[in-house]
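Inspection log for the structure reproduced underneath, given as structure tokens.
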Amino acid sequence: MSMINYASREINCKIVYYGPGLGGKTTNLEHVYQKVAPSTRGKLISLATESERTLFFDFLPVDLGTIRGFKTRFHLYTVPGQVYYNASRKLILKGVDGIVFVADSQVDRMEANLESMQNLYDNMSEYGYDLTRMPFVIQYNKRDLPNAATLAELQTSLNPGWEITEPSRQRHTPDVYHAGTYLVEQVATGEWVERATYFEAVAVTGEGVFDTLKAVSKLVLKALS
Amino acid sequence: MHFGATSWSLSEADNAAIGHVLQRFLFDSNARCALVVDRSGQLVTTSGDRPPFDVTAFATLAAADFSANDQLARLIGERDFNTLFHQGEKESMLLADVARRVILVVLFDNRTTLGMVRLKMRGTVEELTRLFERMFTTAAARPVGQAPALLADVDDEIDRLFQ
């Protein structure tokens, strides 16, 4: 739930990194924490188990700059990826303004990706949120691993698109991050579909981490304006 | 129709009204400090002694604490726990639900007692509930698609932010 605070002159927004266990959600936040100037970020809070698996959430507040004299402050959260932590995972989605789905590119994690994506849709709809109409970005992480699935395979499985039925939205919309591709397009069967924008990443080296964060933050601010 | 979480804004007048209620409560109860946190973990305002800790992190953890306890309440057949109390050796905290949308967090030490803070908190929560319900009703009454004036026509500025 974004909040515009006229007293402290801040715009606060909440972004949640979702995805299967060990997919790299916490690593994304750790990289952001290490790379942004200490003056523009707060503490990185991790509610984790002794083996450093996320138990409840990780949290990092970052300031991305100023719009009309208001600080844009983003609260970044991760959720625990393991299936059995769904109760706490769902709590973190409360009031979310933007979602990053961090998928694990490894072929043998495809089922875990799909299960987590379905779980995301289910949890969002229980709050009455429509993921297909919200700022939503997919990050394909671990692109450097030899057993990574191809981009086409990942897109087909995890980002096949959802049907657009409103005529006003049925127009080709280019994906500004991938020249020559479209986020909204008419497919061979005649249906109009929309996909989430995606990024390839290697979170341990930081590759793709800021591209993902910038894209989702921009979508959140544009959704507010 | 909202597709995701709704947004809301806190005006300077609302902030002043909340501050006034909190200051009176702190004076009456002798508590050290009060914070108002929204349910998604964002700090709305603080009053009283300046907290000597990271208030952003504190707000997030307080909201998570409250949410987790809400779920625990449901598991045992309660609708919610509308107040929570954490007792420390020197510092204690009392948290209370306000209008199901925000949380009042009060920090106090041995200059007062739990009973006194709890007694004075009851009326404060009622006053804050009226204030927040009015604020949220006003926000909900805004026609769909009408952006707050602050963020109208700022696409260029948003683009520049990410260059």
Side-chain angles (χ1 to χ4, degrees), chain A residues 1-14 42-45 47 56-57 59-61 64-70 72-73 75 77 87-88 90-99 124 127-136 210 213-215 217-218 220-225, chain B residues 1-16 18-19 37-46 53-61 63-72 74-75 101-102 136 139 147-163:
Chain A
M1 180 165 56
S2 53
M3 180 181 73
I4 303 171
N5 191 329
Y6 287 84
S8 59
R9 303 193 73 75
E10 283 178 359
I11 300 169
N12 290 292
C13 304
K14 178 172 183 174
K43 267 187 188 162
L44 174 61
I45 304 251
L47 302 188
F56 198 170
F57 61 86
F59 167 72
L60 176 66
L64 289 186
T66 304
I67 292 181
R68 299 241 166 119
F70 280 67
T72 55
R73 171 164 272 213
H75 289 181
Y77 288 79
S88 45
K90 194 175 147 195
L91 290 181
I92 304 307
L93 287 175
K94 193 176 180 70
V96 66
D97 298 301
I99 298 271
M124 292 292 277
Y127 278 122
Y129 305 157
D130 182 352
L131 188 62
T132 68
R133 305 295 293 267
M134 283 182 65
F136 176 41
F210 278 98
L213 174 59
K214 283 180 186 172
S217 312
K218 197 167 169 177
V220 167
L221 287 174
K222 293 213 165 176
L224 262 180
S225 66
Chain B
M1 181 186 174
H2 294 292
F3 300 115
T6 52
S7 71
W8 64 290
S9 53
L10 179 76
S11 71
E12 292 190 43
D14 290 332
N15 189 59
I18 296 164
V37 173
D38 90 350
R39 288 276 190 141
S40 65
Q42 288 157 358
L43 179 71
V44 178
T45 191
T46 67
F53 47 76
D54 180 338
V55 286
T56 306
F58 183 88
T60 298
L61 292 169
D65 179 23
F66 218 84
S67 292
N69 276 286
D70 247 6
Q71 296 302 311
L72 287 173
R74 278 175 211 174
L75 286 178
R101 295 285 288 267
V102 293
F136 290 128
L150 170 73
L151 285 172
D153 306 319
V154 289
D155 276 15
D156 289 352
E157 225 171 311
I158 293 171
D159 287 335
R160 274 198 299 278
L161 203 60
F162 295 102
Q163 271 166 11

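In what follows, chains carry the letters A, B, and so on, assigned in the order in which the sequence lines appear, proteins first and then strands, with residues in each chain numbered from 1. Note that the structure is predicted; figures quoted are calculated from it, not measured.
The closest side-chain heavy-atom distance from Y6(A) to D14(B) is not below 4.5 Å.
Each of N15(B), V44(B), T56(B), D70(B) has some count of heavy-atom pairs under 4.5 Å with chain A, and the biggest count is that of T56(B).
Counting non-hydrogen atoms of neighbouring residues, nucleotides and ligands closer than 6.0 angstrom, the NZ atom of K43(A) reaches no more than 12 such neighbours.
The nearest pair of heavy atoms linking S40(B) to Y77(A) is O-OH, 3.5 Å. Across all non-hydrogen atoms, the minimal contact from A64(B) to F57(A) is CB-CE2, 3.3 Å. In terms of heavy atoms, M3(A) sits closest to L43(B) at CE-O, 3.4 Å.
In this structure, the portion of Q71(B) lying under 4.5 Å from any heavy atom of chain A is its side chain and not its backbone. Contacts between Y127(A) and chain B at a heavy-atom distance below 4.5 Å are absent for every atom of the residue. Both the backbone and the side chain of S217(A) come within less than 4.5 Å of a heavy atom of chain B. With a 4.5 angstrom heavy-atom cutoff, L60(A) does not touch chain B via any of its atoms.
Atom OG of S11(B) sits about 9.5 Å away from atom CG of N5(A), to the nearest 0.5 Å. One distance of note links CG of L61(B) with CD1 of I45(A); it measures 5.0 Å at 0.5 Å rounding. Distance check, rounded to the nearest 0.5 Å: NZ of K14(A) to OG1 of T60(B) gives 8.0 Å.
With sequence neighbours left out, D38(B) forms a salt bridge (charged side-chain N to carboxylate O under 4.0 Å, His left out) with no residue at all. Remark: R73(A) pairs with D63(A) by the salt bridge (charged side-chain N to carboxylate O under 4.0 Å, His left out) rule, at least two apart or across chains.
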